[in-house]
There are 2 protein chains.
Amino acid sequence: MSNEIDKKLEQKNIKPTAMRELVYEVLDKNKKALSLYEIEQQFENVERSTIFRTLKTFQDKLLIHSVDDGSGAVKYALCDDDCTCSLDDLHYHFLCTKCGQTHCLKNMPIPKVDLPEGFNFENANFVIKGTCPNCQG
Amino acid sequence: MSNEIDKKLEQKNIKPTAMRELVYEVLDKNKKALSLYEIEQQFENVERSTIFRTLKTFQDKLLIHSVDDGSGAVKYALCDDDCTCSLDDLHYHFLCTKCGQTHCLKNMPIPKVDLPEGFNFENANFVIKGTCPNCQG
DNA sequence: GAATCACATGCAACAGTATTGCAAAGTTAT
DNA sequence: ATAACTTTGCAATACTGTTGCATGTGATTC
Ligand SMILES: [Mn+2]
Ligand SMILES: [Mn+2]
Ligand SMILES: [Zn+2]
Ligand SMILES: [Zn+2]
């Protein structure tokens with residue numbers, strides 16, 4: 001049926017199941033990062049823990065990445081096809097303080113940062129807050 | 001008694017109380033950002049909610065700022081004397097993945113970022129993760 | 001095809017952090 | 001001293017994330 005989606009899942013070594021197809025679909029059609037709760041809301045009767053574990057699988061297999069935008073809930077977004085979740089794939093994220101939506105700014109890679117002596121860079125989470133295009137007065 | 005501390009509090013229009021002096025002292029002597037729980041641990045019998053409200057007051061009065069470093073708990077650190085918690089005072093933060101300590105990199109102001117059309121910069125939270133000077137193998 | 005196995009799901013319970021209502025205690029003003 | 005206001009302590013709750021365990025489902029082996 002949803003052969004497109006199954007292909008995406010299998011590309012990342014994820015066995016396609018009904019649940020996984022559904023969660024993938026939600027992440028794909030919303031073009032922003034979504035929290036566990038927000039994903040749950042888009043279904044009628046789907047178990048939170050199942051979605052949770054689905055997201056965990058997706059993240060382990062590098063199909064999605066997560067952002068902690070400071071809103072209280074971690075949000076998840078699809079990676080690009082060629083993403084390996086390495087340092088080169090890190091990008092800015094934007095949290096709109098009006099509508100609460102979180103956007104991946106995938107074309108804005110985060111820059112190298114010169115740290116003080118003794119600090120070693122491994123990873124980064126750069127979140128910018130403000131108003132998004134939909135919320136301009 | 002702790003006239004030094006009282007002065008700091010009064011400078012920011014915070015009425016000095018015993019609790020507030022104690023919480024200030026903990027934040028001052030630890031040179032890093034601390035979570036509510038970490039602060040609580042440094043006392044014998046102090047109410048979490050009281051510390052919580054103390055931190056809220058401190059933050060409202062611009063005596064401290066908070067960092068969401070993705071560790072699960074928000075952390076708090078003293079501002080510099082001349083800090084007004086405006087854009088110019090924003091700085092990078094560093095979370096050590098080994099010891100879990102969070103450092104203010106106060107001499108590293110976060111740069112202006114060119115956002116795509118329609119996005120409006122209001123605030124930012126830039127967290128770098130890695131190993132800190134104390135944890136180098 | 002039946003037995004076996006690995007994995008996925010559903011349900012319920014729990015953990016960690018943050019937050020609030022309310023009454024008691026303390027402080028300041030009249 | 002009384003009243004008004006603020007701070008604190010205690011208990012309860014909300015919210016997000018996480019896990020144990022039983023059940024279901026589909027693939028594999030015999
Ligand atoms: Mn992203
Ligand atoms: Mn800081
Ligand atoms: Zn918005
Ligand atoms: Zn460290």
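Lettering follows sequence order; numbering is per chain, from 1.
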Close residues, residues 68-77 of chain A, relative to DNA chain C [heavy-atom separation under 4.0 Å]: none

side-chain contact (heavy atoms from CB on, under 4.5 Å) partner of A:V67, the single match among A:L95, A:V127, A:V74: A:V127

Rounded to the nearest Å, what distance is computed from the [atom1] atom of residue [X] to the [atom2] atom of nucleotide [N]?
X     : N      : atom1 : atom2 : result
B:E21 : D:dT7  : CD    : P     : 14 Å
A:Y37 : D:dT16 : OH    : P     : 7 Å
B:R48 : D:dT13 : CZ    : C1'   : 13 Å
B:K56 : D:dT7  : NZ    : C1'   : 15 Å
B:I14 : D:dT8  : CD1   : P     : 12 Å
B:I51 : C:dT17 : CD1   : P     : 14 Å
B:F58 : D:dT7  : CZ    : C1'   : 13 Å
B:D6  : C:dT27 : CG    : P     : 13 Å

Could you list the protein-to-nucleotides 5-12 of chain C atom pairs, N/O on both sides, closer than 3.5 Å?
from   : atom 1 : to    : atom 2 : distance (Å)
C:dA8  : OP1    : A:R20 : NH1    : 2.9
C:dA8  : OP1    : A:R20 : NH2    : 2.9
C:dA8  : O5'    : A:R20 : NH2    : 3.4
C:dT9  : OP1    : A:T17 : OG1    : 2.8
C:dG10 : OP2    : A:T50 : OG1    : 3.2
C:dG10 : O6     : A:R53 : NH2    : 2.7
C:dC11 : N4     : A:S49 : OG     : 3.1
C:dC11 : N4     : A:R53 : NH2    : 3.4

So, [X] and [Y]: side-chain donor and acceptor under 3.5 Å apart, yes or no?
X     : Y     : answer
A:T57 : A:D60 : no
B:S71 : B:D69 : yes
A:S35 : A:K75 : no

Residue that, paired with A:K106, satisfies salt bridge (Lys or Arg N to Asp or Glu O under 4.0 Å) out of A:D81, A:D88, A:D80: A:D80

Shared hydrophobic cluster, B:L78 / B:F52 (ILVMFWY, side-chain heavy atoms < 4.5 Å):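 Both belong to a single hydrophobic cluster.
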
Electrostatic pair B:D28-B:K8, nearest N-O below 4.0 angstrom: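 Looking at B:D28 and B:K8, the cut-off is not met.
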
Show the atom names and distances, to 0.1 Å, of all donor-acceptor pairs under 3.5 Å that link a side chain in residues 112-125 of chain B to residues at least two apart or in another chain.
from   : atom 1 : to    : atom 2 : distance (Å)
B:E122 : OE1    : A:T97 : OG1    : 3.3
B:N125 : ND2    : B:D68 : O      : 3.0

Pairs meeting criterion ring-ring contact (aromatic ring centres under 6.0 Å, His included) with involvement of residues 10-38 of chain A, two or more places apart: none

Angle between terminal axes - the helix from C:dG1-D:dC30 to C:dT30-D:dA1, 5 pairs each end, rounded to 10°: 10°

Spatial distance of atom NZ (A:K32) from atom CD (A:E38) [nearest 0.5 Å]: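 Atom-to-atom, A:K32:NZ and A:E38:CD are 6.0 Å apart.
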
Side chain to side chain contact (heavy atoms under 4.5 Å, CB included) involving B:Q59 - partner list, sequence neighbours excluded: B:I64, B:S66, B:Y76

